Amino acid sequence: MSTEENPAAAPRSLAEALRGRDDAALAALLRSRPDLITPVPTDLTQLATRAGTRASVVRALERLDRFALQTAQALAVAADPASYGELLGLLAGDDGDPAVSAALPHALATLREQALVWGGDDRLRLVRTARELLSPSPQHPSPTGLGPTVREATAGMSPGRIQEIVATAGLPSTHDSVSAVTALTTLFGDPERMSALLDEAPAESVEVLERLVWGPPYGQVTADPAARLRWLLDRGLLLPTAPGTVVLPREVALRLRAGRAHRTPEPLPPPVEAAATHRPQVVDATAAGQAYTALATVEELLKDWDEGGPAVLRAGGLSVRDLKRTAAALDTTEPVAAFWVELAYAAGLLASDGEADERYAATPAYDGWRELPAAERWALLVTAWLTATRTAGLIGGRDAKDRTLSALGPGLDRSAAPEVRHRVLTLLAALPEGAAPSHDAVLARLHWERPLRGGGRSTAGPDTSATEDRRGEDLRARIARWTLSEAEMLGITGRGALSAHGRALIGAPAPEPRNPAQEPTGPGDKLPVHHLPHHRPALPPPALSPTQQSTATAAAARLLAPLLPEPLDHVLLQADLTAVAPGPLQRPLADMLGVLADVESKGGATVYRFTPGSVRRALDSGQAASDLHAFLAAHSRTPVPQPLAYLIDDVARRHGHLRVGAAAAYVRCDDDAVLNEILADKRAAGLGLRRLAPTVLAALADPAGLLEGLRAMGFAPAAESAEGDVLIARADARRTPPRTPPAPVPDGPPVPDDTLLTAAVRAVRAGDLAATTPRRTSAGDPAGPGELPRTTAAETLATMQAAVLTGEALWIGYVNAEGGASQRVIAPVRVEGGFVTAYDHTADEVRTYPLHRITGVAELAEDEG
């Protein structure tokens, strides 16, 4: 009979407490602590042992919210075991607190669900490892600020000194130290007697107690303490723990605190309220504009790197100089440029080419991405951002070895990033449409939900701060700040509020309107306990599964698509050699215009400028002058200006008049006067030119350098092949080999799905049945408790055959092909050919086992009931 069926039978261990749970409760434990299922425990005893290991307990404590953690901390300083009333008193104090009383059942249920607390309400026990982590000690002060108990502090004190303290405190003397310490503890726990004792204390002594009461409880004294300290020492209100060190006993501190273990219990999460409200249509339109800008920025970045981007550093990543150049090209700051570079890398659009002279370039996936509709391109970017563990905000900082973290380099993965991003967006989704919260409110809520997840903080450290960086913020807070700004740049939010397509991206339902009648009307108003918001705070919702995320992303793209501007098929040509694009251009038009002209300014309308260099670039790509005239005439809503037509014809007339090829390099031209002009130009001195023939010059420079040098001198040379044909240079010729996006670094074991949980619970139950089922033993049976049965092959075969006839179940030891040993309960059905076919209660299915792998067999004991 389980303990749940018989409350009087209290569990004696965590394993027994787990044995009393139903399958749903065991599945909830494995879901909340997925490290316990890797690998699947053989039985509940092994599960309990694994749940009590230090690494697993630390991970479980890090996932508690503030109040659940405070509850565990209070249990660590309470008696072991403690009653529910004692725990409530430590959290609510002598005066009580309705909010604490309402939230404590949920917090305690969370600790029980995660197997950090076990036992009934009259005998609550904190798992031993958690108690060791959270209990006070000189090396690791308690987060509550409490010190050791009187019994712990007086453990090394002489019996005579203890008797002196008892007498000075006004207590009758005793015959032994144990009863003396008990009397002193009783005195400190009695409110009336303690009040009477403190009324006699000098004001200076009370001031000392007030400085120590909320921690740290330790203080330094000299060999000859002052009178105010001597008064406290003589009455045991301060106890020596080491030479020159005294401590405030826990019982005294609790009495001075009115019974509270924490100065400020936090049963309710800080509210995330709207700091500003905008019309939802304005939010969506602003976000859509930012989404379009994000697409244009990524395209511009990769277009700039089409012919081969910056070199890869020897240690990996982008150099500071190249990042500055990229920021200048994108007309933004270096941190923002680093974000776009990392986003393109996370989306698989950018990678290193892997050549000997390794450089960054666009991947083949970039070409496919450019052909997608704008909303789908945005969806791919934001999905990569949501799940990426690489954190662009760290770029420019230092790693543990004091090395600078570079863009696209190693050391940028932070496994908490996806969880924080999802949670920040979920908090925004909980607000009404158009509502934008303050950043500080979001950060305060995140810190309440995961107070120990600051990036490596010790579980036993003070609860006043988390691991901090040089700016005083923990890692989760920094990631949250970056998330809020990055979501705005990506168009997930607009003006700080979550957009409709941003809400769909995380699968959030439309918010319900608030009821003003159930909210406080002024800063001093308070709600009744049953109307307190979040009085049973739930754990943050988990991130979506890949299938759910794919569906949510598609829905977000559908909502965004109508808000994005339609691509145009025309531009407006002007007489000053510029073209104005009044909106986004269709892909072929944008690509061609990007080669034929240079972007002069961006904004609602993009201004392109035609120059001799840009026209030459179009001619280098294989276009003829007639093609350029026809292209402009077809796509301009205004007539082609005469200056632009003259510019194209003039550059085309001179284009290719000079030919550059590889000797080391050479220049040839049918007009020797042009070659004479080049030789006479002082700017050609660095090219090492000399005449080989009336129409040919040889150069020391390579062909690429010679081309650039002649173009800088104002000529329009064309490169040619070894056969004398003109080489056509295309902007998108450089691509890396196929590359996969960087894989996110998981934050611990993955959360198991329902199918795995069901199978794991069934296996653990069956293994526990095999381990705990009573069996018949004989005087010569060598197998002890927990050991596999051992019988000879003949005895095993005979017992199996008999069980087939009687239909009885047997307990066997089995060693699989990998050498793993296990205990199983089976009901044999058939024995033949060296195999036994049986219904395996452990696996809950019919299986066949080789007899030679069965170590032994034993009959089950008869059920006495």
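If you're wondering where the values come from, they're calculated on a predicted model, not measured in any experiment.
- Between the side chain of Arg390 and the main chain of Gly409, a donor-acceptor pair closer than 3.5 Å is present.
- The backbone N or O of Pro437 lies less than 3.5 Å from no partner atom in the side chain of Glu273, so there is not a single donor-acceptor pair.
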Stepwise side-chain contact (heavy atoms from CB on, under 4.5 Å) check, Leu26 with Leu30:
CA-CA 6 Å; Leu26 282 179; Leu30 298 177; 5.5 Å; no
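- Contact of the Leu350 side chain with the Leu408 side chain is registered, since non-hydrogen atoms from C-beta on lie closer than 4.5 Å.
- Side-chain atoms of Leu446 and Leu427, non-hydrogen and from C-beta on, do get closer than 4.5 Å to each other.
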Taking it one step at a time, do Leu64 and Leu452 satisfy side-chain contact (heavy atoms from CB on, under 4.5 Å)?
CA-CA 8 Å; Leu64 295 178; Leu452 294 184; over 6 Å; no
Could you walk me through whether Glu62 and Val58 pass the side-chain contact (heavy atoms from CB on, under 4.5 Å) check?
CA-CA 6 Å; Glu62 286 180 344; Val58 168; 3.9 Å; yes
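- Residue Arg495 comes nearest to His278 through the heavy atom pair O-NE2, 3.5 Å, listed as atom of the first residue, atom of the second, then distance.
- In this structure, Asp399 places its CG atom where more than 12 heavy-atom neighbours from other residues, nucleotides or ligands lie under 6.0 Å away.
- Thr297 places a side-chain N or O within 3.5 Å of a backbone atom of Thr293 that can act as its donor or acceptor partner.
- One N or O on the side chain of Thr391 and one on the backbone of Thr389 form a donor-acceptor pair closer than 3.5 Å.
- Closest approach of Ala103 and Pro267 over heavy atoms only: CB-CB, 3.7 Å.
- The CZ atom of Arg739 sits 9.5 Å away from atom OH of Tyr345, with the distance rounded to the nearest 0.5 Å.
- Considering every non-hydrogen atom in both Gln549 and Leu505, the closest pair reads NE2-O, 2.9 Å.
- Annotation: the span from Thr553 atom OG1 to Leu381 atom CG amounts to 11.5 Å, rounded to 0.5 Å.
- The two residues Ala329 and Asp304 come nearest to each other via the heavy atoms CB-OD2, 4.1 Å.
- Counting heavy atoms from C-beta on, the side chains of Val341 and Ile395 never come closer than 4.5 Å.
- Atoms CD and CZ, from Glu419 and Arg450 in turn, are 5.5 Å apart once rounded to the nearest 0.5 Å.
- To the nearest 0.5 Å, the span separating CG on Leu443 from CG on Leu484 amounts to 7.0 Å.
- Annotation: cation-pi geometry satisfied between Arg377 and Trp369 (NZ/CZ under 6.0 angstrom from ring centroid, within 45° of ring axis).
- Although no hydrogens or angles enter the test, the distance criterion places a donor-acceptor pair under 3.5 Å between the side chain of Thr363 and the main chain of Gly348.
- Rounding to the nearest 0.5 Å places CZ of Arg66 at 14.0 Å from CG of Leu268.
- Smallest separation of non-hydrogen atoms from Leu431 and Ala274: CD2-N, 4.3 Å.
- The backbone N or O of Ile492 sits less than 3.5 Å from a side-chain atom of Ser499, completing a donor-acceptor pair.
- Between the side chains of Ser56 and Arg33, at least one donor N or O sits under 3.5 Å from an acceptor N or O.
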Is there a side-chain contact (heavy atoms from CB on, under 4.5 Å) between Leu343 and Glu486 once you walk through the steps?
CA-CA 10 Å; Leu343 179 64; Glu486 290 166 3; over 6 Å; no
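- The backbone N or O of Glu266 sits less than 3.5 Å from a side-chain atom of Gln70, completing a donor-acceptor pair.
- Contact check for Val298 versus Tyr366: no side-chain heavy atoms found under the 4.5 Å cut-off.
- Using a 4.5 Å cut-off on side-chain heavy atoms (C-beta onward), Tyr84 and Leu108 make contact.
- A salt bridge between Asp35 and Arg50 is absent, with no side-chain N of the basic residue lying under 4.0 Å from a carboxylate O of the acidic one.
- Summarising the geometry, atom CH2 belonging to Trp340 is positioned 12.5 Å from atom CD belonging to Glu299; distances are rounded to the nearest 0.5 Å.
- Side-chain contact check for Leu126 versus Val117: some heavy-atom pair is nearer than 4.5 Å.
- Residues Leu111 and Leu124 are not in side-chain contact: their nearest non-hydrogen atoms beyond the backbone lie 4.5 Å or more apart.
- Using a distance-only test at 3.5 Å, with no hydrogens or angles considered, no donor-acceptor pair links the side chain of Glu113 to the main chain of Ala25.
- Within the 4.5 Å cutoff, no side-chain heavy atoms of Trp482 are placed close to those of Val420.
- We find that Asp65 and Arg445 are not joined by a salt bridge, their nearest charged nitrogen and carboxylate oxygen being 4.0 Å or further apart.
- Nearest heavy-atom pair across Arg421 and Trp385 is NH1-O, 2.9 Å.
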